[in-house]
Amino acid sequence: MANESKAKLTTSEKEKLLSIYEENVNSLWRQRFHIQPILGNMKAISCFYADDKNQYIYYTNDTIQEKRDNWYGINVIDNAFMENGGIVLEPNLLWDNVGIGSGTSFVEDKETYFIYIGNHVGLQNEEKKYVLLAKKDDDEKILK
């Protein structure tokens, strides 16, 4: 259902996903200088920003459940090497209960903020989009 808050996975499904993840991460054929999702589909680049250390690329990804997009992060080191940063924003609020869309970032008073689109489906299957705000904290996590 579109308005479920989380994907419910059985133990065997979780084990299968973990096995696929490990196989993909350790593959000799994995791209090293391009963005390539470990699980799910890369839909679009959602946000790009840089700080004093690295550049970051966040893309929209549906890792587990189709049509429940999240932001997955890539850290770009020395303009060449990329490392996976994991899921940085996931749909877990009322206003983004079915997915997170594109956005942007800005810095104000040395604080990094993100503006993004929250995709919402209500009880009557009505679809709405909300403009939402998040902030990067001192531990490099993004808080909504």
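For clarity, every value in this text was computed on a predicted model and none was experimentally measured.
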[Y] and [X], any side-chain heavy atoms less than 4.5 Å apart:
X	Y	result
L94	H120	yes
F114	T104	no
N70	I87	yes
W71	Y59	no
I45	I57	yes
T60	I100	no
D69	K43	yes
L132	I115	no

Query raised in the report: Salt bridge between K136 and E111, side-chain N to carboxylate O under 4.0 Å?
Result: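 So K136 does not pair with E111 through a salt bridge.
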Query raised in the report: Can you name the one residue among N54, N84, V88 that meets side chain to side chain contact (heavy atoms under 4.5 Å, CB included) with I74?
Result: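 It is N84; the other options fail the test.
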Report task. Output yes when a side-chain donor or acceptor of D139 lies under 3.5 Å from a complementary backbone atom of K141, and no otherwise. Result -> no
Query raised in the report: Taking the side chain from N26 and the backbone from E22, do they hold a donor-acceptor pair closer than 3.5 Å?
Result: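 Yes, because the side chain of N26 sits within donor-acceptor range (under 3.5 Å) of the backbone of E22.
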Report task. List the steps and the verdict of side chain to side chain donor-acceptor pair (under 3.5 Å) for K144 and N92. Result -> CA-CA 10 Å; K144 295 180 181 182; N92 58 5; 2.8 Å; yes
**Report entry** Residue list, ring-ring contact (aromatic ring centres under 6.0 Å, His included) with Y113, at least two apart or on another chain
**Finding:**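 Listed in chain order: F106.
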Report task. Inspect the surroundings of CD in E127 and state if more than 12 heavy atoms from other residues, nucleotides or ligands are less than 6.0 Å away. Result ->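 Incorrect, the count does not exceed 12.
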Report task. Classify the angle between the aromatic ring planes of Y130 and W95 as parallel (below 30°), tilted (30 to 60°) or perpendicular (above 60°). Result ->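 Judged by the thresholds at 30° and 60°, the geometry between Y130 and W95 is perpendicular.
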Report summary line: The side chain to side chain donor-acceptor pair (under 3.5 Å) partner of Y56 among D51, N75, T112 is D51
Query raised in the report: Mind checking what makes salt bridge (Lys or Arg N to Asp or Glu O under 4.0 Å) contact with K129, not counting sequence neighbours?
Result: none
Requested in this report: Give the intermediate values and the outcome of side chain to side chain donor-acceptor pair (under 3.5 Å) for residues S46 and S102.
Outcome: CA-CA 4 Å; S46 296; S102 294; 4.5 Å; no
